[in-house]
Peer 1: 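Submitted below is the structure of interest, expressed as structure tokens.
Remember, predicted model here, so these are calculated numbers, not experimental data. All values below come from the heavy atoms of this structure, side chains included, with hydrogens, waters and symmetry mates left out. In what follows, chains are A, B, ... by sequence order, proteins preceding strands, each numbered from 1.
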Amino acid sequence: MNWGSWREFLNMGGYAGYVWGAYGVVALAVILEVVGLRARLARARRASVRGRRRGAG
Amino acid sequence: MHETTSARPGFRFFHYASPPEFYRLAGKAVPAFATLAAVLAAVGLYLGFFVAPTDAQQGEAYRIMFVHVPAAWMAMFVYIIMAFWAALGFILNTRISAIMANALAPTGASMAFLALWTGALWGRPAWGTYWDWDARMTSTLILLFLYMGFMALHSAIDDLRRADRAAGVLALVGVVNVPIIYFSVQWWNSLHQGSSISLGRAPTIAAPMLAAMLVMALAFWMYCIAAALSRARAIVLERERGAEWVRALAGEQA
């Protein structure tokens, strides 16, 4: 175990800005991509339903 | 439904390369790869923050390595796979090839950006600078531009087949950049350190650090597969709009 307390963990030996700046942006990129992918898939599905109605009508 | 293709058990690629079959199969694969990525990331982060010791020279700043190295590896690897699919598109002319190349590009671009971003935040405490126009960093920036160029070129051409071909040529030409990135630290005198691990040589970092890095690399790998397959499914639906099987699929959901 490297850390005596949460405070110590969050402080990262004085490198908090660098370490959390790196991990934070990685997390942000993953979240944005996953949200974007879900939205795109949902949009494509909705469009295919519309296409079906057009095709049927 | 697919009696004709399943009658030929030998070479199944073209069977799975048919858009409906691909859509169905990828739909099962995405949650599996996403779960693997999440589990591996949890293990990797635990190893990276709680098991791997503080570095004697760099203190805690070195922990950026556990996301920096996987992102940089994936940025290169995804590009090679993207170029592979582009090449396959030219050779076999299957629809799924161009779809896969297009599905990989944004994820690869994200990885290249993350490699540069985390590298800058590591470079500042380690070398005293966020950025230097040395071979490793410049060639990685070019990799990011290649991904962005691929996407921009594809979206700039209206005709889908021509867009696939033009972007495919760009992807193939850009492949020369990948070995340049990889070997840049050997070929040129660079601020960037050499590889900590490489084939045929003992790793130069401690075992817990290496374990954390490799588990995180696997997590990134699984994530890239899940993201690319998920995007490929969306592209399949977008491109096949109006096709009989997509209408049938919409009927199931309605």
Peer 1: Tell me, out of B:Tyr223, B:Trp122, B:Phe66, who's got the most heavy-atom pairs with chain A below 4.5 Å.
Peer 2: B:Tyr223
Peer 1: Tell me, side chain or backbone of B:Ala226 under 4.5 Å from chain A's heavy atoms, or both, or neither?
Peer 2: neither
Peer 1: Can you tell which part of B:Phe220 gets under 4.5 Å to a heavy atom of chain A, answering side chain, backbone, both or neither?
Peer 2: side chain
Peer 1: If you measure from CG on B:Leu249 to CD on B:Glu240, what distance do you get to the nearest 0.5 Å?
Peer 2: 11.5 Å
Peer 1: Heavy-atom distance under 4.5 Å to chain A: side chain of B:Ile64, backbone, both or neither?
Peer 2: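 It is both, since atoms from each part get that close.
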Peer 1: What residues of residues 101-109 of chain B make heavy-atom contacts with chain A at a cutoff under 4.5 angstrom?
Peer 2: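 Checking residues 101-109 of chain B against chain A gives B:Pro106, B:Thr107.
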Peer 1: For salt bridge (Lys or Arg N to Asp or Glu O under 4.0 Å), just list the numbers for A:Arg43 and B:Glu238, CA-CA rounded to whole Å, side-chain angles, deciding distance to a tenth of an Å, and then say yes or no.
Peer 2: CA-CA 9 Å; A:Arg43 217 180 311 127; B:Glu238 289 161 8; 5.2 Å; no
Peer 1: Fit a plane to each ring of A:Trp20 and B:Phe49, take the angle between them on a 0 to 90° scale, and name the class: parallel (under 30°), tilted (30 to 60°) or perpendicular (over 60°).
Peer 2: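 Parallel.
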Peer 1: Report which part of A:Tyr18 has an atom under 4.5 Å of a heavy atom belonging to chain B: side chain, backbone, both, or neither.
Peer 2: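 Both the backbone and the side chain of A:Tyr18 come within 4.5 Å of chain B.
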Peer 1: Between B:Arg247 (side chain only) and B:Gly242 (backbone N and O only), is there a donor and an acceptor less than 3.5 Å apart?
Peer 2: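 Side chain of B:Arg247 to backbone of B:Gly242: a pair is present.
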Peer 1: Keeping B:Tyr23 on the side-chain end and B:Val246 on the backbone end, is there a donor-acceptor pair under 3.5 Å?
Peer 2: no
Peer 1: Which of the residues B:Ser110, B:Gly59, B:Ala227 is involved in the greatest number of heavy-atom pairs with chain A at under 4.5 angstrom?
Peer 2: B:Ala227
Peer 1: Please determine whether the number of non-hydrogen atoms from other residues, nucleotides or ligands lying under 6.0 Å from atom CG of B:Asp158 exceeds 12.
Peer 2: no
Peer 1: Within the side chain of B:Arg95, is there an N or O that forms a donor-acceptor pair under 3.5 Å with the backbone of B:Pro19?
Peer 2: no
Peer 1: Return the set of residues passing side-chain hydrogen bond (donor to acceptor under 3.5 Å, both in side chains) with A:Glu8 (not counting sequence neighbours), or none when no residue passes.
Peer 2: none
Peer 1: Evaluate salt bridge (Lys or Arg N to Asp or Glu O under 4.0 Å) for B:Arg239 paired with B:Asp164, printing each intermediate quantity in order.
Peer 2: CA-CA 12 Å; B:Arg239 289 192 175 193; B:Asp164 285 342; 3.0 Å; yes
